[in-house]
Every structure is written in structure tokens, then in C-alpha cells.
Protein chains: 2
Amino acid sequence: MVVLQKNHDCSAELREVSLKATPIRIGVLSLLEETTSPIDIATILKELKKKKIVADPATVFRIMNSFVEKNLVREIHFREDKTRYELASKDDHHHLLCQECGAIEDISDCHIEGLEKEIITKKHFLIKSHSLEFFGICKNCQK
Amino acid sequence: MVVLQKNHDCSAELREVSLKATPIRIGVLSLLEETTSPIDIATILKELKKKKIVADPATVFRIMNSFVEKNLVREIHFREDKTRYELASKDDHHHLLCQECGAIEDISDCHIEGLEKEIITKKHFLIKSHSLEFFGICKNCQK
DNA sequence: TAATATATGCAAGTAACTTGCATTTATGGT
DNA sequence: ACCATAAATGCAAGTTACTTGCATATATTA
């Protein structure tokens, strides 16, 4: 009898980019799939522990670096001293960061294609990626 | 005879925000006025030394924090582990960061007002500030 | 010019991240 | 199913950016 494995997709996804499908990597990748807002390494370690996956911080740092290199995830830098990560497969979208409660909301369809074209033609700069983040006060915290 | 002091403006600017006009602060502020692209603390320290101003890193960190608090400068976070600073008096503008040579070019007139309005009405998020950075290859490095 | 609030330097501390090396493990070939 | 091997992991030590506490020094104000 064949048992459908949880995270089967993750393993396949990992092998596709020639990374070994280890428990920690599968755990990180499926965690990112479950998570809506970009998370940092400390949070990743905590969430893994909840799933009974214990990992060394250094290992997760290395994993995240390899994921970035393989374009599985992208780095997000808010005005913090730590890096956050989210799945690169998510559409081009950006974030609203509440400076009061720390909530992170997504926004999509940022219409900066016009600006990008302008940059390409005027500055002859080849754009590989961009980051657009908004800082302010969320709906809840305005009350 | 009255000798016109260099950096007289900087001193005034500092007192306006009730910060004492010390040599290091004046040095940092006038350095930022001379500099076109956002700079980090290590660079600030080097440049100050050229001007015969020796300062402790901790002091400059504290100075930068107070400048940010007083809205004299703003923080810029590229995909680095360090913070850069630029004068807040500079117009709303953004940066093109070359991933090859590290050159930083400014762009102005980013037309994201439309997007901002959309965020305010749809998400009821009160925008205080935003950051928009482009990463890619500059004109020179494309050759 | 003296009083005082504030700035600075120094040293120690913290947090995020990296690196070297010995051990373990996933995987491809048999 | 097993073995060989390249790659992944854990641990410890190191690095870098940044912070903090405290004693000393200095800019401002009266």
C-alpha cells in the first residue's frame, strides 16, 4: 500500500533545484507555504520545534541562503536588524508594516511597471528586482 | 572682524531640533550634505577622520539615532547587514543599487501616489513612509 | 564664568549571522 | 538492498553591527 506522504511536493521541489530533501529543509519549505507574512529565522526555529523538528540556527541560516540562491525564497528587509523570508513563488507583491503592532499585510498589483520602463530607458539600468515597503499605522491601531 | 564660520548652518540646524552643536555632530551633518548616496557608519567614521574629526563608533551610532528621531536623516536598508543614512531634507526619491559594482544612483519622481491612495482607501492603512529600492545592473557594468 | 544638562569615550554586552571541522545522512549506482 | 560519496548538519568559535552603563568632558544658559 502506498501512503501519500505529507510534503511530497516539497521534496520534489528541492530535488528540482538539486538540494537534498532533508527533514529540516522540507520542514522549512512547508512552513513557508503555510505562512502568509515573511518570517525571520528565530520564528522559523520556533515553528519547526512545534513540529518536532529541532535544528541548529546555523543550519537554518545556511538553508535560507541556499534557498535564496536557488530562487526558492526571497529576502525581505524591513527597518529591522534581521532578515525575513517569503516564498519567491508568491506574486510580485509588497507589504504594509504597522509600526504600532508589527502586523504585516500584503498588497498586490503595485503598478510600478511604468516607473520601471522609465528607469530602463532613462538610466539604462537593468532591473533584476525591487523592494517596496510601506510603513505606518494599520486600521486596528488607528482606533 | 567677523569670520564666517564653516558649517554655521549645521549648528543652527542642530539647535533648532534642540541638539547641542558639537564638532562631531556638525561634521556628520555637513558630511551628509556633501554626500550624494546614502552612507553607512563605517564610511562616516572614515570620512570624519579625513577631516581630522576622530569619533567613537558608539557616539556616531547614537548621533545617527538622534538624527533619525529628529527627522534630520532617514535610514536606508539595502539588502545588507548594515544601515545607511541620508538627509531627510532630500526629496522623495529612491535608489538604483548595482549588484555588480555597488554603485548607487538616485531616481526621483516615483509616481506611487496613486498606489498610496489605493492603500489608504482600500486597506485603511495610514502611510507614514515607504521605501522603494531597485536592484540590478548599472549602465557601466552591463558592458 | 559658573552651573548643569547633555555628549562623548571606553569597555563590556547583545544579537544576527558566518565559518571550520568532525560527524551524519540522502541519494545514485551496483 | 546496500554501499560509496558528496553534501548536510551540529557544535563551537569568530565576526560584525549595534547597544548600554558609567565616568569624564563639553556646549549652552543664566
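Every chain is numbered from 1, with letters handed out A, B, ... down the list of sequences. Note that the coordinates shown come from a computational prediction; the quantities given were computed from them, not determined experimentally.
Remark: Arg79(B) qualifies as a cation-pi partner of Phe135(B) under the 6.0 Å distance and 45° angle criteria applied to the six-membered ring.
Ion pairing of Glu13(A) with Lys70(A) is absent here, as no side-chain N (NZ or NE/NH1/NH2) approaches a carboxylate O to less than 4.0 Å. Ion pair Glu100(B)/Lys143(B) not flagged as a salt bridge, since none of the NZ, NE, NH1 or NH2 atoms sits closer than 4.0 Å to an Asp/Glu carboxylate oxygen. Using a 4.0 Å cut-off between a side-chain N of Lys or Arg and a carboxylate O of Asp or Glu, Glu75(A) and Arg84(A) do not qualify as a salt bridge.
Interface limits on DNA chain D: the 5'-most and 3'-most nucleotides within less than 4.0 Å of chain B heavy atoms are dA17(D) to dT28(D).
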Report all interatomic pairs (protein N or O, nucleotide N or O of nucleotides 25-28 of chain C) with separations under 3.5 Å.
from    : atom 1 : to       : atom 2 : distance (Å)
dA26(C) : N3     : Lys20(A) : NZ     : 3.4
dT27(C) : OP1    : Arg15(A) : NE     : 2.8
dT27(C) : OP1    : Ala21(A) : N      : 3.1

Walk me through whether His95(B) and Phe78(B) qualify under ring pair (Phe, Tyr, Trp, His ring centres under 6.0 Å). CA-CA 9 Å; His95(B) 305 96; Phe78(B) 291 137; 5.8 Å; yes
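The 5' end of DNA chain C is approached more closely, in terms of each residue's nearest nucleotide, by Asp56(B) than by the other of Asp56(B) and Ile41(A). Mapped onto DNA chain D by nearest heavy atom, Ile24(A) and Ala42(B) fall at different nucleotides, with Ile24(A) at the one closer to the 5' end.
Atom CD of Glu116(B) is surrounded by more than 12 heavy atoms from other residues, nucleotides or ligands within 6.0 Å.
Here Arg25(B) reaches the OP1 or OP2 of dA7(C): one of its side-chain N or O atoms lies under 4.0 Å away.
Among the candidates Thr83(B), Ile41(B), Ile44(B), Asp56(B), the single residue satisfying the side chain to side chain contact (heavy atoms under 4.5 Å, CB included) test with Phe61(B) is Ile41(B).
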